[in-house]
Number of protein chains: 2
Amino acid sequence: MIPSTILETYHPNLKTFSKDAIIFNETEMPRYYYQLKSGKVKMFNLTENGKVFTQGFFEKNTSFGEPPLFGSFPYPASAMCLEDCEVYVLEKKVFLNLLKAHPDVHLKFTKLLCNRMLYKAKIMKELSIHPPEHRILTLLHHLKDSANTEGLFEVKLTRQQISDLTGLRVETVIRAIKQLEKTKKLILKQRKVYI
Amino acid sequence: MIPSTILETYHPNLKTFSKDAIIFNETEMPRYYYQLKSGKVKMFNLTENGKVFTQGFFEKNTSFGEPPLFGSFPYPASAMCLEDCEVYVLEKKVFLNLLKAHPDVHLKFTKLLCNRMLYKAKIMKELSIHPPEHRILTLLHHLKDSANTEGLFEVKLTRQQISDLTGLRVETVIRAIKQLEKTKKLILKQRKVYI
DNA sequence: ATATTTGTATGATTTGAATCATAAAATAAC
DNA sequence: GTTATTTTATGATTCAAATCATACAAATAT
């Protein structure tokens, strides 16, 4: 995320997208840097048979879809608005110039990418070697950690969304959550999950 | 990877590790930048019950284990030498100073990280929504692509290594490969896999 | 040249998550 | 306030990959 003081000097385009709008599609070539001013965005893959795999969520004041800007690769996933969104848009070339001119921003940026990388490495391990309950628990703890809140954390995802994030079926998620409650790994209150 | 002309001016320590040596361990805090001069390194996770998940392989002239240098996170995986290795070692602080002093190196570095990121995103999708055969095929194609060779590519991995990279059992890998041969997705000659 | 270890192969069985079927709660829409 | 839709819930069944058990081939060591 680029601080607004710096971003503004590069005259970004402020675009609005309504709920469910697609900002970019998988396999499309990247042309812009996107920074979310308001709203919520989901990055996801869609398969032949209509299955969804969610790579991640992005909240306001974060950028998304940057990695392919640095290579000559298409987007590895699609971005969809979960709410109405306002997005700062910067041309790829302008964005790369900005980084060159602001080494401190570039470094912060690298840090961000590295954190996401570490998260992906963690999730990959989970996906391949751990059973459903463990996978869900890791996801929930990650959400809690990145929310950085005190005390009990309310998970604001539906079972289906957890399903899309973990690659498990909804029924499996529901059963695993019940089991996790029994073993006191989380708290269930009026169907809401707390951790 | 830092060009040797630049790297040398920072007086890196050239360390040698023998086959099977551990360069760093999962959960350890990162203190150094590592760049492989010769040999081969594997990044992996080990689970409670002795299962292995391989995050990736690193050949000579590549750096590894950089992401945690940018945060205050421990290594998400361990690094082991698959052969005798020579490794350039630079202190974290020196490495970060180098990047600050050489924006072009920093940018190339970001590109590298982004490419790895895209690969991880791809693999995550595979792991979660695609069946074994597809998973193996994607891995093999990725290996071929990154080898960047002409024509038929020989996969120099054992079935067990493919197992560790895909999170599938050896027997499953063997059976899937046979099936992939039948459907002409790859070529099997004297037990060697070509693609 | 033979023994040992490592890698490949295959059949039989088990198991755990996906799938199928169906319904009740909770929310949103009208 | 009623209807429609989405989310949560649960039991029954299926199925594909893991596991188990063994054996054979190939590479390495002695």
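Note that the structure is a prediction, hence the values are computed from the model and not measured. Hydrogens, waters and symmetry mates are skipped; everything else that's a heavy atom, side chains included, is used. Labels below follow one simple rule: chain letters A, B, ... track the order of the sequence lines, proteins then strands, and each chain is numbered from 1.
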Fill in: d(NE2, His134(B); C1', dA17(D)) in whole Å
18 Å
Worksheet item: Taking CD from Gln190(B) and P from dT8(C), how many angstroms apart are they, rounded to a whole number?
Response: 14 Å
Worksheet item: Roughly how many Å is it from CZ in Arg191(A) to P in dT6(D), rounded to a whole number?
Response: 16 Å
Discussion item. As an exercise, state the distance from CD1 of Ile123(B) to CG of Leu118(B), rounded to the nearest 0.5 Å.
Written reply: 12.0 Å
Discussion item. I need the CG-C1' distance between Leu157(A) and dT8(D), as an integer number of Å.
Written reply: 15 Å
Worksheet item: Does a salt bridge link Glu154(A) with Lys189(A), judged by any charged N lying under 4.0 Å from a carboxylate O?
Response: no
Discussion item. Assess whether a salt bridge exists between Lys125(A) and Glu26(B), defined as any Lys/Arg side-chain N lying under 4.0 Å from an Asp/Glu carboxylate O.
Written reply: yes
Worksheet item: Lys178(B) side chain: which of dT19(C), dA9(C), dT8(C) is closest?
Response: dA9(C)
Item to complete: Measure the distance from CD on Glu133(B) to P on dA17(D) and round it to the nearest whole Å.
Response: 8 Å
Worksheet item: Is the gap between the ring centers of Phe24(B) and Tyr34(B) under 6.0 Å?
Response: yes
Discussion item. Are Phe95(B) and Phe109(B), when compared by the centres of their aromatic rings, separated by less than 6.0 Å?
Written reply: yes
Item to complete: With the side chain of Pro131(A) defined as its heavy atoms from C-beta on, choose the nearest nucleotide among dA17(C), dA17(D), dT7(D).
Response: dA17(C)
Discussion item. Does Lys42(A) qualify as a cation-pi partner of Phe64(A), given the criterion of NZ or CZ under 6.0 Å from the six-membered ring centre and within 45 degrees of its axis?
Written reply: no
Worksheet item: Got a donor-acceptor pair under 3.5 Å from the side chain of Arg175(A) to the base of dG16(C)?
Response: no
Fill in: Five-pair end axes of the helix from dA1(C)-dT30(D) to dC30(C)-dG1(D), angle between them (10°)
50°
Fill in: Six-ring centre of Tyr119(B), Lys122(B) cation under 6.0 angstrom, axis tolerance 45°
no
Practice prompt. Using a cut-off of strictly less than 4.0 Å between a heavy atom of the residue and any atom of DNA chain D, enumerate the qualifying residues of residues 159-172 of chain B by number.
Written response: Gly167(B), Leu168(B), Arg169(B), Glu171(B), Thr172(B)
Worksheet entry | Distance, rounded to the nearest Å, where Lys182(B) contributes NZ and dA9(C) contributes P | 13 Å
Discussion item. Less than 4.5 Å apart, side chain to side chain, heavy atoms only: is that true for Lys19(B) and Cys81(B)?
Written reply: no
Worksheet item: What is the distance, rounded to the nearest whole Å, between atom CD1 of Ile136(B) and atom C1' of dT8(C)?
Response: 14 Å
Worksheet entry | dT8(D) OP1/OP2 closer than 4.0 Å to side-chain N/O of Lys192(A) | no
Fill in: Between P of dA26(D) and CD1 of Ile174(B), the distance in whole Å
14 Å
Worksheet item: Between Glu133(A) and Lys178(A), is there a side-chain N and carboxylate O pair less than 4.0 Å apart?
Response: no
